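Just below is one structure, and these are the notes that go with it.
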Amino acid sequence: MSETARSRAAALPHLRRDGLAIGDSIPLPLTMAAIFHAPGDATGFNQYGRFSNPTWDAVEHMLAHLEDAPCVAFPSGMAAISAAFFAVLKAGDRILLPSDGYHTTRALADRFLEPLGIAHDVRPTSTFLDGGFEGYRLAFVETPANPGLDICDIAAVAEAAHSAGALLVVDNTTMTPFGQRPLDHGADIVVAADTKAPNGHSDVLFGHVASRNADIISAVTGWREVSGSIPGPFEAWLVHRGLETLDVRFDRMCSSAEVIARRLKGHRAVSGLRFPGLESDPSHNLARAQMERFGFLVSFELASEDKAEDFINNCDLMQAATSFGGVHTSAERRSKRGDAVPAGFVRLSVGCEPVEELWKAIEASLDKISG
Ligand SMILES: Cc1ncc(COP(=O)(O)O)c(C=O)c1O
């Protein structure tokens with residue numbers, strides 16, 4: 001971790017310190033309120049729970065500290081992605097999406113943007129720069145892309161998109177701001193599902209939009225207020241608590257993933273393994289240049305659907321679950337969600353368990369399926 005990332009991590013749990021009065025609770029109080037005391041002209045104060053909430057403010061403050069940019073919180077990652085689209089797009093615009101990223105983003109474009117006159121094309125993440133960005137209002141990348149873990153050069157895409165007059169949105173869900181900060185590489189907007197590692201305990205859905213462009217933040221905030229796509233205060237409180245330990249969890253998960261990926265690659269049952277931290281991975285050099293860490297996701301193939309299911313279901317330290325980034329190691333055979341991957345393709349999310357114990361459990365389950 002770089003020195004600046006370390007100092008960001010150190011300051012994170014103390015952000016409330018300067019605002020504390022004697023006798024205030026040091027942990028964040030939870031404000032559950034639809035209405036606030038608002039006599040006369042209460043402009044500048046909390047008035048109604050769809051407009052503002054002190055618990056949102058606190059979690060947004062933490063996210064803004066990590067992104068070094070104003071942030072707007074949403075009730076899920078998809079709500080954040082929808083907000084970015086609805087805040088900046090209009091009928092007649094054309095957008096470019098990754099063909100190998102999270103499938104629901106493409107579903108949003110297919111089912112809800114196209115009928116409103118916003119067309120889209122798709123392109124693989126690894127060759128996202130090829131073909132340029134002429135005619136696009138917005139380019140959207142996910143790097144590393146979920147689930148194949150290809151990456152693209154954010155700075156190069158930002159430069160090419162900007163010179164064609166397009167905005168660049170980066171879905172940073174797989175990395176978190178401790179692993180990669182796309183705004184520093186020239187992206188206009190970051191969207192993320194804090195459902196994953198930032199909350200980290202798999203008990204909440206949450207998301208945010210970050211941008212250093214004040215007009216974009218104002219449009220996204222306006223979208224939240226008018227659409228009513230607001231996070232619950234309790235969910236915001238849980239994410240605030242999760243963020244206090246993100247640095248520690250993310251560090252453990254990324255370090256363990258480096259060990260597990262290397263050993264998995266050497267196992268006879270495994271093929272096609274992707275992890276940007278391995279020197280042999282096609283993404284490695286670019287990953288070194290633009291990412292602080294290599295993440296906690298590893299993808300690979302097992303010989304068949306049955307073998308992949310058996311591997312996941314018989315591993316004592318692995319949850320069979322969709323999603324990723326939680327304290328529990330989890331895995332999913334992604335073709336069952338409709339991703340264009342082989343039937344035996346597994347996306348593994350390395351959790352916080354001690355790495356040698358975790359490897360023993362993974363190896364035992366792999367040995368069982370390889371006979
Ligand atoms: C890369 C990526 N972006 C966005 C999302 C959507 O997040 P949520 O489920 O919180 O809406 C996901 C969910 O898996 C994801 O993997």
Side-chain angles (χ1 to χ4, degrees), residues 59 63 71-86 95 97-112 122 124-125 128 139-152 154 169-177 179-180 182 187 189-210 220 223-224 227 229-232 235-236 238-239 242-243 246 253 274 276 291 295-299 319-326 328 330-341 345-350:
V59 76
L63 291 166
C71 289
V72 187
F74 285 92
S76 68
M78 283 316 303
I81 293 170
S82 303
F85 287 162
F86 281 95
I95 67 171
L97 302 175
S99 55
D100 50 345
Y102 183 50
H103 59 92
T104 310
T105 305
R106 290 189 299 281
L108 174 64
D110 271 337
R111 291 168 51 193
F112 296 98
V122 297
T125 299
F128 206 80
F140 183 105
V141 298
E142 211 179 283
T143 175
N146 166 27
L149 305 185
D150 270 332
I151 75 175
C152 65
I154 298 171
V169 180
V170 178
D171 182 335
N172 202 36
T173 298
T174 54
M175 287 314 293
T176 89
Q180 172 173 274
I189 301 176
V190 161
V191 291
D194 300 306
T195 309
K196 317 295 179 186
N199 176 60
H201 295 77
S202 310
D203 47 12
V204 154
L205 275 83
F206 208 78
H208 75 270
V209 175
V220 167
W223 165 260
R224 179 174 70 182
S227 69
S229 180
I230 56 166
E235 283 72 12
L238 283 170
V239 173
L243 286 168
L246 175 59
M253 288 153 65
R274 294 297 307 273
M291 290 152 67
F296 49 80
L297 292 176
V298 183
S299 67
Q319 299 295 331
T322 196
S323 198
F324 52 83
H328 337 80
S330 66
E332 183 169 49
R333 207 174 52 71
R334 283 303 293 182
S335 72
K336 79 178 181 197
R337 299 275 161 203
D339 284 337
V341 291
F345 177 101
V346 174
R347 183 191 66 202
L348 170 67
S349 173
V350 176

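This is a predicted model, so every value here is computed, not measured. In each ligand, atom 1 is the first atom listed, and ligand 1 is the first ligand listed.
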Got the closest protein heavy atom to atom 6 (C) of ligand 1, with its distance? Tyr102 CE2, 3.5 Å
I need the atoms of ligand 1 closer than 4.0 Å to a non-hydrogen atom of Glu142, numbered in the order shown. 1 (C)
Polar contacts were defined as any N/O atom of the residue lying under 3.5 Å from an N/O atom of the ligand; does this apply to Met78 and ligand 1? yes
re atom 7 (O) of ligand 1, the protein heavy-atom contact at minimum distance is Ala193 CB, 3.2 Å
Shortest protein heavy-atom distance from atom 16 (O) of ligand 1, along with the residue and atom involved: Asn146 ND2, 2.9 Å
Among all protein non-hydrogen atoms, which one is nearest to atom 10 (O) of ligand 1, and what is the separation to 0.1 Å? Thr195 OG1, 2.6 Å
Hey, does Val59 have a side-chain heavy atom less than 4.5 Å from the side chain of Phe206? yes
Is any N or O atom of Gly77, backbone or side chain, closer than 3.5 Å to an N or O atom of ligand 1? yes
Looking at every non-hydrogen atom in both residues, tell me the closest pair between Lys196 and Ser323 and how far apart they are. NZ-OG, 2.9 Å
Please tell me whether Phe85 and Phe140 form a close aromatic pair, meaning their ring centres lie under 6.0 Å apart. yes
Quick check against the 3.5 Å criterion: does Gln319 have a side-chain atom that pairs as donor or acceptor with the backbone of His328? no
Purely on distance, is any nitrogen or oxygen of Asp171 under 3.5 Å from one on ligand 1? yes
Is there a nitrogen or oxygen of Lys196 sitting under 3.5 Å from a nitrogen or oxygen of ligand 1? yes
For the residue pair Thr174 / Asn146, report whether a side-chain donor-acceptor contact shorter than 3.5 Å exists. no
In Å and rounded to the nearest 0.5 Å, what is the CD to OG1 distance from Glu142 to Thr173? 6.5 Å
Closest approach of any protein heavy atom to atom 9 (O) of ligand 1, naming residue and atom: Leu205 CD2, 3.9 Å
Assign the ring pair Phe296 / Phe324 to parallel, tilted or perpendicular, where the plane angle (0 to 90°) is split at 30° and 60°. tilted
For Phe324, take its heavy atoms, then give the atoms of ligand 1 lying under 4.0 Å from any of them. 16 (O)
Using the test salt bridge (charged side-chain N to carboxylate O under 4.0 Å, His left out), find all partners of Arg347 that sit at least two apart in sequence or belong to another chain. Glu332
